[in-house]
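Structure first, commentary second.
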Amino acid sequence: MAEWRKSSFSANASSCVEIATGVGIRDSKATAEHVEVGAAAWSSFLGTVKRSG
């Protein structure tokens, strides 16, 4: 079973995006479904976020 995590910035919120390593991304309100994201795409996304922050 995947270990889903949400951002520390949304610790008390109920509308969050969650991630699970090797699995993908999901909406915390719709946990039955997720979007699969490969390692290369995830790394690229994180790099873009870090550069723009």
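None of the values given here were measured: they were computed from a predicted structure.
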So the salt bridge (charged side-chain N to carboxylate O under 4.0 Å, His left out) pairs with at least one residue in residues 18-44 (sequence neighbours excluded) are Glu18-Arg26
- Query: Is the closest side-chain heavy-atom distance between Trp4 and Val23 below 4.5 Å?
  - Reply: yes
Sub-4.5 Å side-chain heavy-atom contact between Glu3 and Thr21: no
Atom pairs and distances, donor-acceptor, side-chain atoms in residues 38-50, under 3.5 Å, two or more places apart:
unit_1: Ser43; atom_1: OG; unit_2: Ala39; atom_2: O; d: 3.1
unit_1: Thr48; atom_1: OG1; unit_2: Ser44; atom_2: O; d: 3.0
unit_1: Thr48; atom_1: OG1; unit_2: Arg51; atom_2: NH2; d: 3.4

Applying side-chain contact (heavy atoms from CB on, under 4.5 Å) to Val17 and not counting sequence neighbours gives Ile25
For Ser52, the side-chain contact (heavy atoms from CB on, under 4.5 Å) test, sequence neighbours excluded, returns none
